[in-house]
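When a ligand or atom number is given, it counts from 1 through the structure's own listing order.
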Amino acid sequence: MTTQIRSLEEYHKVYAHSVANPEAFWDEQARTFQWRKPWRETLRWNFREPKIKWFVGGKLNITENCLDRHLETRGKQVAMIWEPNDLKRKARKITYKQLHGLVCQFANALKAQGVKKGDRVCIYMPMTPELSIAVLACARIGAIHSVVFAGFSAVSVSDRIKDAQCSIVITSDFNSRGPKNIPVKQVIDEALAMGCDSVRNVIVHQNTGDALKMTEGRDLWWHDVVKGKRKSCKATAVDSEDELFILYTSGSTGKPKGVVHTQGGYMVYCEYTFRNVFQIQEGDVYWCTADVGWITGHSYIIYGPLLAGATALMFEGIPTYPDAGRFWDVIQRHKVSIFYTAPTAIRALMAAGDQWVKGRRMPSLRILGTVGEPINDEAWHWYNEKIGKKRCPIVDTWWQTETGGMMISPLAGITPLKPCLATLPLPGVQPCLVDANGHEIEGNDVEGMLCIKFPWPSIIRTTYGDHERCRQTYFATFKDKYFTGDGARRDVDGYYRIIGRVDDVINVSGHRIGTAEVEDAINKAPMVVESAVVGFPHDIKGQGIYAYVITSVPIADVAAFKKGVLDTVTKEIGPIAKPDVVQIVPGLPKTRSGKIMRRILRKIAEGDTSNLGDTTTLLNPEVVDEIKASRLVG
Ligand code: WTA
């Protein structure tokens with residue numbers, strides 16, 4: 001068991017130790033796991049290339065730490081509670097022993113399909129236990145999983161499969177989400193029709209059991225491949241720095257990149273952060289509402305809770321189905337004690353009205369958490385009063401796909417809270433703020449760009465197949481620092497408040513969306529010449545997507561044109577990237593070097609046109625007035 005901090009005094013002591021002697025600190029944490037072979041060296045690094053290695057020479061298997069090591073003490077304990085979307089279906093409870101058996105069995109099935117250590121496996125599945133089983137089975141045999149959120153379009157999945165050269169795709173027949181039954185396997189069929197030559201087989205889990213077309217020789221049923229397979233499977237020992245998974249995420253430029261996390265460091269950091277932030281206790285029922293398709297699901301639905309021997313709930317559905325009381329109903333029924341969700345869900349449920357929480361007792365709740373985007377004051381107080389009844393600390397956890405685990409966050413019940421502040425860095429994390437010239441801003445009551453100046457075990461190692469992109473994106477902006485892309489404030493008490501992205505990334509409902517990606521998609525729509533996309537404040541989503549579009553011909557049927565734009569974005573990326581506003585414009589404000597002035601477009605999108613700053617240096621200043629004028633017409 002990694003260090004469990006129990007008081008504020010202890011936090012400060014441990015923090016100081018972690019900075020004074022990081023290697024000793026992480027050595028102590030890593031020792032609490034099962035290793036096949038101990039490491040020779042704790043850390044070797046430079047942020048220049050970057051090259052970062054933790055627990056060098058160590059060998060392990062993360063699933064032995066998630067499952068096998070708990071069997072003796074927790075074999076009969078529930079590891080996973082599954083709450084299906086459909087209320088008519090029964091919840092499933094899977095013990096550690098059962099999960100171990102199911103993971104081993106599927107690992108044996110993957111082996112029988114020829115999957116070997118280092119092979120990439122794409123997982124495109126709804127939120128079912130089989131999704132976790134597929135992830136863990138890959139890890140069991142040293143295969144690298146690449147989970148793709150099951151809401152992404154065929155084009156997106158196909159791009160990701162090709163980038164990672166996956167040999168197997170694991171999917172489900174249908175995704176039962178709210179009132180919808182989404183044909184997931186069909187998306188894979190379409191994706192593979194776009195020339196994913198690396199894929200040998202598709203393994204299909206039967207979730208809803210609705211009729212499906214299977215491709216002879218390529219598609220295999222999950223229930224067939226596991227038939228007769230043993231429920232034990234010797235875990236493959238891998239190197240600390242072997243890849244555990246790839247997870248694609250959006251940035252300011254180009255297509256999403258595959259963030260690579262490695263075995264040893266990720267394991268250590270996941271357990272340590274889960275244990276300390278949530279102050280996990282025996283008997284807790286923990287529920288994280290994220291999707292496994294995002295990093296939060298990887299680290300805090302699957303790996304973190306299992307490594308810590310906790311009981312975690314997984315929910316297939318959506319917060320508003322069959323009604324806006326669903327979350328609270330699940331908390332009551334399963335006696336959830338720790339609840340971790342996103343501000344966007346809180347805002348949506350708050351907007352649905354207090355009648356859904358009124359009169360509801362949720363005495364089991366002990367701790368609340370949020371992640372994914374800045375939480376606003378109103379949502380924080382509503383969460384605190386209506387859900388936590390002012391007796392549950394809220395941990396506002398700041399982190400990223402690239403950080404692998406939580407970085408700046410209160411420790412529940414220990415760190416004195418301030419609404420909407422992520423508060424203090426976890427021991428082992430050394431944040432700093434820098435100005436535009438890259439100088440570190442010292443002292444308190446200051447604002448700047450958030451960087452981290454020392455590695456932590458689950459820091460991004462590379463972007464798959466393109467190390468230079470990793471260097472450029474995260475390590476080249478400021479010398480010897482990891483740049484997060486976020487702006488932050490450090491208040492008088494040294495507490496951090498995350499302001500939001502300072503790059504061209506929009507955070508829509510807690511999902512990261514690159515403006516360049518959306519523009520590329522829009523540009524493929526009929527009659528579109530050029531586009532520019534910016535974020536704007538949105539009551540529920542946090543940020544919405546605002547698209548300015550130049551067309552090749554005057555548009556008579558504006559509604560049909562806009563539908564064409566939305567359909568194209570849905571096809572190219574997925575429904576989550578659909579613009580909220582599409583405005584047809586005669587031109588885009590550009591600098592003399594041809595760069596789009598997003599600052600101006602952002603202001604207009606926000607509806608704040610009073611002070612657009614100096615526009616005289618633009619190549620085409622007249623266009624600004626035209627955009628302002630046509631905004632009123634829509
Ligand atoms: C934002 C999600 C404010 C931030 C784990 C970051 C947050 C991006 C918070 C990463 C928070 C995440 N407060 N903003 N507590 N947590 N963010 O990679 O802009 O999907 O850079 O990882 O979400 O999003 P990602």
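Near Asp486, with a cut-off below 4.0 Å to any heavy atom, the atoms of ligand 1 are 4 (C), 6 (C), 19 (O), 21 (O). Ligand 1 places these atoms under 4.0 Å from at least one heavy atom of Thr397: 9 (C), 11 (C), 15 (N), 16 (N). Within ligand 1, counting atoms from 1 as listed, the ones closer than 4.0 Å to a heavy atom of Asp396 are 11 (C), 13 (N), 15 (N). Atoms of ligand 1 lying under 4.0 Å from any heavy atom of Thr296, numbered from 1 in the order shown and given with element: 5 (C). Close contacts between ligand 1 and Val371 involve ligand atoms 5 (C) [criterion: under 4.0 Å to a heavy atom].
Neither the backbone nor the side chain of Val505 has any atom closer than 4.0 Å to an atom of ligand 1 (non-hydrogen atoms only). When non-hydrogen atoms are compared, ligand 1 lies under 4.0 Å from the backbone of Glu373 (N, CA, C, O) but not from its side chain. With a 4.0 Å heavy-atom cut-off, ligand 1 is reached by the backbone of Thr401 and by its side chain too.
The existence of a salt bridge linking Arg347 and Glu373 is confirmed by a sub-4.0 Å separation between a basic side-chain nitrogen and an acidic carboxylate oxygen. A salt bridge does not link Asp480 with Lys453: every distance from a Lys NZ or Arg NE/NH1/NH2 to an Asp or Glu carboxylate oxygen is 4.0 Å or more. Using a 4.0 Å cut-off between a side-chain N of Lys or Arg and a carboxylate O of Asp or Glu, Lys418 and Asp491 qualify as a salt bridge.
Legend: residues meeting ring-ring contact (aromatic ring centres under 6.0 Å, His included) with Tyr548, ordered by chain and number and at least two apart, are Tyr546.
Considering backbone and side-chain N/O of Gly510, none are found under 3.5 Å from N/O of ligand 1.
Ring centroid separation for the pair His145 and His298 comes in under the 6.0 Å cut-off.
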